[in-house]
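Here is how names work: the chains are called A, B, and so on, in the same order as the sequence lines, proteins then strands, and each is numbered from 1. Please read these numbers as outputs of a predicted model, since none were measured by experiment.
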Protein chains: 2
Amino acid sequence: MSRARLSDVAAAAGVSISTVSLVLNGRVARISSQTQDRVREAAASVGYTPNSVARGLRTQRTRTIGLISDRIATTPFAGRMLAGAQDVAREHGHLLFLVNTDGDADVEAEAVRALAGQQVDGMVYAAMWHRVVDAPAGLPAGTVFLDCRPSSGGFPAVVPDDRTGGRDAVRLLVEAGHRRIAYVDVDEDDPPVAAGLRHEGYLEVLADAGIEPDPALHVRQESSAAGGRAAAAALLDLPADRRPTAVFCFNDRMAAGVYVAAHRRGLDIPGDLSIVGYDDQQLVAGELDPPLTTIALPHYEMGRWATEVALGVREPPEGGRPHLMPCPIIRRDSVGPPPAAAPTPAGGEPLTTP
Amino acid sequence: MSRARLSDVAAAAGVSISTVSLVLNGRVARISSQTQDRVREAAASVGYTPNSVARGLRTQRTRTIGLISDRIATTPFAGRMLAGAQDVAREHGHLLFLVNTDGDADVEAEAVRALAGQQVDGMVYAAMWHRVVDAPAGLPAGTVFLDCRPSSGGFPAVVPDDRTGGRDAVRLLVEAGHRRIAYVDVDEDDPPVAAGLRHEGYLEVLADAGIEPDPALHVRQESSAAGGRAAAAALLDLPADRRPTAVFCFNDRMAAGVYVAAHRRGLDIPGDLSIVGYDDQQLVAGELDPPLTTIALPHYEMGRWATEVALGVREPPEGGRPHLMPCPIIRRDSVGPPPAAAPTPAGGEPLTTP
DNA sequence: CACGATTGCTCAATCGATTGAGCAGTCAAA
DNA sequence: TTTGACTGCTCAATCGATTGAGCAATCGTG
């Protein structure tokens, strides 16, 4: 038995196809309620489900949206971004086409063509780290960039507000009384945009607090637990008066390495060393001992935002600048006052947020 | 400027729509090569991309497949499964519809209807943990179950071979010389299928090696690092002669907890205690110190398998039993011989694999 | 009672492709 | 020269819905 069509419902209800279509689409202004009931009953009894392909051809709206992303496989963040996109799509009666390109330009071009061929109503182009990307050729106007900034303008985009996130992280430490705060940065040829922005946030808060930044406290390592451990080792080898009492890490993985280095030296967290991470990577931050205070990346919200803009239910900001999504502060147990040996600075006036 | 249609190409090439369609679909048996060239040039010059919606309506094949999954957001494994599905879809010129249901039955039913309405050529129903699920009503015949077993029969399914995985894990320890091997199990009302199967594998290898299982070495805790830590604490509090020299953990997170407990007691891994995990969760297993030996879950391969069956390019096994996907052994550095204080049993004969 | 407005429904074109049937024209064989 | 086969291409129906135009019956009003 093949699927029921509109004509099957029409035959069962004893009316025309047009009438069935009008009733089932709610355009019932001029249809008697008896007829409406008969049509609805007939539709239910034959188990009618509209054929979206035929409808899409006729209306030129397919109620689908395309999501192109590089490497969904290898990042723990993809899930939340997809979930945000997927939830918005569902809320608006849309279905999501997902294409994973692994960053391959040919695959990307093919995906753009295929999705255009499917007549998607909207398109989202997602990266898995905040960075600048070249828009693939043929990308339809109105494509929304998710967690990345297009190098050529004209596309709406949403990225995490890493600068404010960096400020919040460091402010947590300054407000706990720390003055010697290190930044464990990532060391790559092509550093993520986020690294620079978080560093700017770091410097801004130090400036606000009247703390002279110490270049020795800005260390770079590879973005991993091993890198964090090496960075921490270098910092903890500094002479006592130059040693940091707190560390802000580019991400939670590096923070995990800082934990290891600190524990190996018998240091207590946060008693001897306070640590703030970034990303709120559950399996890392939540299971460290003590649990890591960190800044969360708003992947779910960014996924939602991008999809809402792609669907046209939300207006992108004026001026073509990327929308900055706030990064929530996740207070756990890795921040405390500096150790007594490095006393709290006297007479600090309360910090103000510009 | 709207998209080019077949009729635009036909006009540009000075031939009929039929001819263009035949040429572009490679049915050129009776088309002169001059005409073919003209058509292809015309198609390129107007930038023609076939309208998949119209084609789908006519041919009744949409070249799409639907993937329904519960909670893609909250598991680190979803990515690899999706990547496997996505890669197969792309290799066969298909596009993937992704729906995340969060386990909600209403959303699930809605998704099934919507995907049927989109006339998908195949359907995959995925869970994020190996378990028994009730097939939602209306699921098309031939839907493939991914990482779960349908409670009612008739559907092809693929799940990890957890029993063999458990065997492999424990054999690693037995072959290193261990005789007192604990199993840190998960303690839940509705334990995952995997837990039972891995335990069976554990018991089988012990039996093969002539080791009497000690109930005190089978401990249950919640599936987290904290649970693993508590379990390890209990095991390490056992009198010396009953204490395990090796631990097989239900998963890597629990293994991470065992590390913490061991380190707190000043135990060396693997010198004093050998540990094998399960899942190969990169951010956990790979970044422990020392890196954790574990059994990987073949999510990518399962995603591929399911999608190949859904597409009809691979035959499911006879007899309707789920396909068991092998779980690779990931040898890292957390397994060694038992400490000298608990000497290797004398005269062990070589193990044989049945 | 006639006429226009309103109500309730149907006709038929349309979206953009695919494809079996069929139409000229050419060529070889009879 | 006729016939049949073959070549090269086009016609037109079709997939399953949506929708503006329009028809017939009823109603209200002057």
Side-chain angles (χ1 to χ4, degrees), chain A residues 1-40 42-43 46-64 93 113-114 116-121, chain B residues 1-40 42-43 46-64 93 113-114 116-121:
Chain A
M1 184 198 73
S2 72
R3 290 190 24 173
R5 292 154 304 184
L6 223 36
S7 61
D8 299 320
V9 180
V15 295
S16 74
I17 292 179
S18 310
T19 304
V20 177
S21 175
L22 292 172
V23 171
L24 297 183
N25 287 296
R27 310 183 53 168
V28 290
R30 292 178 51 183
I31 310 285
S32 73
S33 54
Q34 298 98 297
T35 302
Q36 290 182 44
D37 290 345
R38 260 191 305 136
V39 167
R40 278 191 258 267
V46 302
Y48 175 71
T49 307
N51 182 323
S52 306
V53 178
R55 170 185 289 169
L57 176 60
R58 178 61 237 254
T59 61
Q60 306 288 38
R61 305 201 58 242
T62 53
R63 302 188 150 273
T64 61
R113 287 181 69 87
Q118 289 287 351
Q119 311 267 85
V120 292
D121 294 341
Chain B
M1 183 198 72
S2 73
R3 290 192 23 176
R5 291 154 306 181
L6 223 35
S7 61
D8 299 320
V9 180
V15 295
S16 74
I17 291 180
S18 311
T19 303
V20 178
S21 175
L22 292 172
V23 170
L24 297 184
N25 287 296
R27 310 183 55 166
V28 290
R30 295 178 49 183
I31 310 284
S32 72
S33 55
Q34 300 97 297
T35 303
Q36 289 182 44
D37 291 346
R38 258 192 305 137
V39 167
R40 279 190 259 268
V46 303
Y48 175 71
T49 306
N51 182 323
S52 305
V53 178
R55 170 185 288 169
L57 176 59
R58 179 61 237 252
T59 61
Q60 305 289 34
R61 304 201 59 243
T62 52
R63 301 189 152 273
T64 60
R113 287 180 70 87
Q118 290 287 350
Q119 310 269 82
V120 292
D121 294 341

Any residue of residues 24-33 of chain A with a heavy atom less than 4.0 Å from an atom of DNA chain C: A:R30, A:I31, A:S32
How many angstroms lie between CG in B:D121 and CD in B:Q60, if you round to the nearest 0.5 Å? 10.0 Å
So which heavy atom on B:Q118 is nearest to which on B:T62, and how close? O-CG2, 3.6 Å
Can you find a side chain N or O atom of B:T59 that sits less than 4.0 Å from OP1 or OP2 on D:dC15? no
C:dT14, OP1 or OP2 - any side-chain N/O from A:R58 closer than 4.0 Å? no
Checking all strands, does B:T19 fall into the base, sugar-phosphate, or nothing category for heavy-atom contacts under 4.0 angstrom? base
Mapping A:A4 and B:V20 onto DNA chain D by nearest heavy atom, which one lands closer to the 5' end? B:V20
How many Å lie between OH on B:Y48 and C1' on C:dG16, as a whole number? 8 Å
Between D:dG16 atom C1' and A:D8 atom CG, what is the distance in whole Å? 11 Å
In this structure, CZ of A:R5 is separated from CG of A:N51 (nearest 0.5 Å) by 10.5 Å
Atom CG of A:L6 and atom P of C:dC15 are separated, to the nearest Å, by 19 Å
Please name the pair of heavy atoms, one in A:R38 and one in A:G14, separated by the smallest distance, quoted to 0.1 Å. NH1-O, 4.3 Å
Less than 4.0 angstrom between a side-chain N/O of B:Q60 and OP1 or OP2 of D:dG16, yes or no? yes
Looking across every strand, which nucleic acid part, if any, lies under 4.0 Å from A:S52 by heavy atom: base, sugar-phosphate, or nothing? nothing
No-H, no-angle donor-acceptor pair, B:R55 side chain to C:dT18 base, under 3.5 Å: no
Close side-chain approach of B:R3 and B:T49, heavy atoms under 4.5 Å: yes
So which heavy atom on A:S32 is nearest to which on A:T35, and how close? OG-OG1, 2.9 Å
Over how many whole Å does the gap from B:R61 atom CZ to D:dT14 atom P extend? 23 Å
Nearest 0.5 angstrom please: A:T19 OG1 to A:L6 CG, how far? 10.0 Å
Heavy-atom closest contact (A:V20 atom, A:A10 atom, distance): CG2-CA, 3.6 Å
Specify the separation, in whole Å, of atom CZ of B:R3 and atom P of C:dC15. 15 Å
Of all heavy-atom pairs between A:V39 and A:A13, which one has the smallest distance, and what is that distance? CA-CB, 4.0 Å
OP1 or OP2 of C:dG16 under 4.0 Å from side-chain N/O of A:Q119: no
Please give, in whole Å, the distance from D:dG8 P to B:L22 CG? 13 Å
Flag, side chain of B:S21 to backbone of B:I17, donor-acceptor distance under 3.5 Å: no
Rounded distance (Å) that lies between atom P of C:dG16 and atom CG of A:L57: 7 Å
From CG of A:D37 over to C1' of C:dG8, roughly how many Å is that when rounded to an integer? 15 Å
Among residues 11-18 of chain B, which ones have heavy-atom contacts with DNA chain C below 4.0 Å? B:I17, B:S18
